[in-house]
Amino acid sequence: MDPIEQVTDRVNNLLRQMTLEEKIGQLTQLGQYIPDTVPIDDRVRRGQVGSILWLSDPAEINRLQHMAVEQSRLHIPLLFGLDVIHGFRTIFPIPLALAASWDPELVEKVQAVAAREASACGINWTFAPMVDIARDARWGRIIEGAGEDPFLGAAIARAQVRGFQGAEMGSPGHVLACAKHFAGYGAADGGRDYDSAYLPEGLLRNVYLPPFHAALEAGVGTFMSAYMDLNDVPATGNRFLLEQVLRREWNFRGFVVSDAAAVGDLATHGFARDPQDAAFRALTAGVNMDMASRTYLEHLAASVQNGSLPVAVIDEAVRPILATKIQMGLFEHPYIDESQIQRILDTPEHRQLARIAAQRSAVLLRNEGQLLPLKMQSVKSLAVIGPLADSQQDLLSSWAMQGNPTDVVTIVQGLHNKVGSNVQIEYAQGVEISRQYPSMFDALMGRSQPVPWTDAQSQAEFGRAVELAGRSDLVVLVVGELANMSGELASQSSLDLPGRQVELVKAVAATSRPIVLVLVNGRPLNLSQVVEHVPAILEVWHPGVEGGNAVADLLWGDMTPGGKLTVSWPRSAGQCPIYYAHNLTHQPDTSPMFTSRYWDMASSPLYPFGFGLSYTTFAYSNVCLDRAEARRGETLNVSVDVENTGERPGDEVVQVYSHQRAGSASRPVQELKGFCRIALAPGEKKTVQFALGPGELSFWSPTESKWVQEAETFDVWVGGDSMATLHMMFKIV
Ligand code: BGC
C-alpha cells in the first residue's frame with residue numbers, strides 16, 4: 001500500500017469504531033483558560049477532545065497526552081496548539097521585522113528554532129504563519145505578517161511553513177503549521193481590529209490570497225478561518241472561501257480550525273440564529289475544528305439527531321484531523337522527554353540566531369552626514385534616552401508568552417556590552433507612555449498597569465533627560481511603542497508617537513547634540529514631526545531577546561543595516577490604506593498636472609516600499625532582458641550587475657518590478673516580481689538573475705473571472721527599492 005492509502009486505511013479503521021460523541025470530540029479544541037463545567041480529565045478520557053489550546057506546561061501536556069493515549073477508548077493522541085509566532089522561549093524579532101530582512105532562508109531558520117523549542121515542551125501545533133496582507137498601519141496585527149505585498153508575502157509564507165514543519169509533516173523537532181487568518185482579515189475597515197472587510201474578488205485573489213496559496217504549496221497542514229465578515233459573510237461560515245477556494249480550487253487536504261471562539265461568534269455576528277445554527281453553518285462551510293467555543297461539542301449532535309446534518313458530513317470533517325495526527329507520527333510518538341527541555345531552550349546558538357535576525361531585520365531610514373556608524377574616537381559620552389531604551393518586555397512584543405523578559409538584552413545594556421568603559425553611557429527614560437484603553441492581552445502577557453507619574457515627576461524626568469542630552473557627545477533616542485500597543489486588539493487611530501515622545505525629540509534636538517533615533521515599534525509611525533530634527537533613524541522594530549546587542553552592533557558599525565521596508569511608510573494615518581502597487585488614475589503621478597492627491601500633504605509615502613539605506617553604496621549596471629518578446633507561457637530572464645561602491649561590506653536587496661500596460665483590467669503601476677538579498681564586499685560586483693514567467697505575469701481578471709496571461713506590453717524596473725528607475729520593456733505575444 002502506498003503511504004497515502006495506508007493513512008486512509010488507518011483513518012477508516014478508526015472512524016468505523018468511533019461513536020458520534022468521539023467524532024465530535026476530534027472536532028473540538030478546548031481552551032486552557034476557558035471555564036468548563038466538565039473537568040478536562042473527564043473530557044479527555046471520554047474522547048471529547050481532539051486538541052487543547054494554550055496549554056504550555058510540559059508536565060501537564062505529558063499528563064494529558066498519557067491520559068488520551070492510554071485511557072481513552074480509541075487511544076487517539078491530542079494536538080497541543082499554541083501561538084508560536086516569533087519564537088517560543090528564545091524570542092526573535094516580530095514577523096514584520098523578519099520580513100524586512102528580505103531573507104527567506106533566515107526566516108526559515110528562525111521558525112525552525114521556534115519549532116524545536118516549542119516541540120521540546122510538547123507543543124505540536126503552532127498557529128502560524130500569519131500571512132495576512134496588511135496595507136493599513138492602523139491595524140495592530142500588521143506586526144504579525146510580512147507587510148503589504150503578495151509576492152514577498154508568499155515567499156515569507158513558504159519559508160515559515162518549511163521552518164515550522166520541516167522537510168515533511170512529522171519531522172522530529174518540528175510542529176504542525178497553520179496559515180491564518182483565512183482570509184482578508186488585514187483589510188478591516190478603518191484598520192479597526194475584527195471589523196468587516198470588503199474585498200472585491202480581483203483584489204482578494206491577486207493580493208490577499210497568494211500568501212495562503214504559497215503556504216499550501218509549501219505543505220502547510222492546517223488553515224485558520226478568520227474572525228471578521230468578508231463581504232458580509234463571516235469568514236468562519238464562508239463557503240466561498242473554505243469550500244470553493246480552499247478545497248475545490250486549491251485541493252487542500254489538511255484541516256481548518258476556526259479562530260478562537262469564532263464558531264460560537266457566528267451567532268454574535270448576527271449571521272447564525274443560535275449556537276446550534278452556528279455549529280451547523282461553520283461545519284458545513286468547511287471548518288473542521290472549533291477552537292475554544294465548545295459549540296460543536298455542545299450543539300452538533302442535535303443537528304445529527306434531528307436529521308439536518310448527515311453523519312457522513314461529520315465523518316468528512318474528522319478525516320483530515322485523524323490523517324494529520326497519523327502523518328505527524330503522533331500515534332507512535334505522543335510524549336515528550338521532559339529531561340531534555342532545558343538542553344533545548346534558549347541555547348547560545350538560538351540566541352546567536354536571534355541576534356543575527358535582529359541585525360538583518362533593522363532598516364536604516366535616514367543617515368544625514370553619515371552620522372552612523374558611530375565612531376569611538378568622537379563619542380566619549382553617550383546619552384541613551386527614551387521610554388523604550390531600557391525596557392526588556394517591550395523588545396519582546398506580543399505573542400511572546402513563553403519568552404522571559406529577564407532574558408532580554410535592552411538597548412542600554414547592549415550599548416554597555418559593546419563599548420565597555422570606552423564610552424560613558426547614561427540613561428534617562430524621559431517620558432512614560434501607556435495605552436488609553438487597556439488590552440485584555442496585558443493579563444495574559446503578565447503586564448501590570450503602570451502607576452502614572454505625577455506632573456512633578458513627569459517634569460523632573462523630562463528635564464533630566466534634556467539636561468543629560470545637553471552634556472553628552474551624542475544622543476541615542478529610543479522611541480516608539482510599548483509591546484501592548486501593537487498586535488491583536490491594538491489598532492491605533494492616529495499613528496502618532498504615543499505620549500510626549502514628539503515633545504521629547506524636539507526638546508532633545510534643541511540641545512543641538514547629534515541624535516540617532518532608534519525606533520522600537522510594531523508598525524510604521526507618524527514621523528513627520530520628528531524627521532527633520534534627527535539626522536539618523538534606525539528602525540529596529542520589536543527586535544527580541546538579543547535586540548540590545550544587535551542595535552549596538554549596528555550603531556557601532558560591526559554590522560551594516562541591510563533590511564528594507566515591506567510596507568509603504570505613511571506620512572500620517574490619513575494616508576491609510578497606502579501601498580505602492582496602486583492602480584494608475586486618469587491623472588497619473590507622472591502627469592504635468594500632478595501635485596498631490598491631497599491639498600494638505602504629499603500623497604506619496606514618507607518612505608517607499610522596499611526602501612532602506614546602508615553604510616555603503618551600491619551601483620547597478622548592465623541591466624538586461626534576454627529577449628524583448630516572449631510567447632504566453634514562456635519565461636524571460638532579467639539580469640543586473642550590482643557593485644558595492646563604498647568602503648564597507650554591506651547587503652543589498654535587489655528588487656524587480658513589472659507593470660502590464662493595458663489589458664482586460666487596470667493593473668497596478670508596479671508589482672514586485674523578484675528579489676534577492678546579496679552580500680557584497682567593498683568593490684565586489686555580483687550578477688543577479690530573475691525569471692519572469694507565467695506565474696509572475698498572470699493575474700486574476702475581474703472581467704474574465706479567471707486567471708489570465710495577456711498578450712500585452714510590460715515595463716520592468718530593477719533597483720534597490722520600489723522607486724527603482726532602471727527600466728526596460730518587453731512584449732508578451
Ligand atoms: C487570534 C489568533 C490566535 C488565537 C489563539 C485569536 O484571538 O486571532 O491569531 O491564533 O487567538 O490564540
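Hydrogens, waters and symmetry mates are skipped; everything else that's a heavy atom, side chains included, is used. Numbering of ligands and ligand atoms starts at 1, following listing order.
Atoms of ligand 1 lying under 4.0 Å from any heavy atom of K180, numbered from 1 in the order shown and given with element: 2 (C), 3 (C), 9 (O), 10 (O). Close contacts between ligand 1 and D259 involve ligand atoms 1 (C), 2 (C), 3 (C), 4 (C), 6 (C), 7 (O), 8 (O), 11 (O) [criterion: under 4.0 Å to a heavy atom]. Atom numbering of ligand 1 starts at 1 in the shown order; those under 4.0 Å from a heavy atom of D83 are 3 (C), 5 (C), 10 (O), 12 (O). Less than 4.0 angstrom separates some heavy atom of H181 from each of these atoms of ligand 1: 2 (C), 8 (O), 9 (O). Contact atoms of ligand 1 toward W54: 5 (C), 12 (O) (distance under 4.0 Å to a heavy atom of the residue). Those atoms of ligand 1 that come under 4.0 Å of a heavy atom in E488, given as number and element, are 1 (C), 6 (C), 7 (O), 8 (O).
At a heavy-atom cutoff of 4.0 Å, ligand 1 is contacted by the side chain of R141 but not by its backbone.
Ion pairing between K180 and D83 holds under the 4.0 Å rule for side-chain N and carboxylate O. The residues E105 and R162 are annotated as not salt-bridged, no charged nitrogen and carboxylate oxygen being separated by less than 4.0 angstrom. Using a 4.0 Å cut-off between charged nitrogen and carboxylate oxygen, R141 and D132 do not count as a salt-bridge pair. We find that D42 and R46 are not joined by a salt bridge, their nearest charged nitrogen and carboxylate oxygen being 4.0 Å or further apart.
The aromatic rings of Y194 and Y227 stand perpendicular to each other, their planes meeting at an angle above 60°, with 30° marking the opposite boundary.
The distance criterion of under 3.5 Å between nitrogen or oxygen atoms is not met by Y185 with respect to ligand 1. Residue W399 places no N or O, backbone or side chain, under 3.5 Å from any N or O of ligand 1. At under 3.5 Å, not a single nitrogen or oxygen of Y194, backbone or side chain, sits near a nitrogen or oxygen of ligand 1. Ligand 1 has no nitrogen or oxygen under 3.5 angstrom from a nitrogen or oxygen of E144.
Pairs of residues two or more places apart, or lying in two chains, that qualify as side-chain hydrogen bond (donor to acceptor under 3.5 Å, both in side chains) and include a residue from residues 212-223 are W125-T222.
Checking each of F151, Y579, W102 against F609 for a ring pair (Phe, Tyr, Trp, His ring centres under 6.0 Å) leaves exactly one that passes, namely W102.
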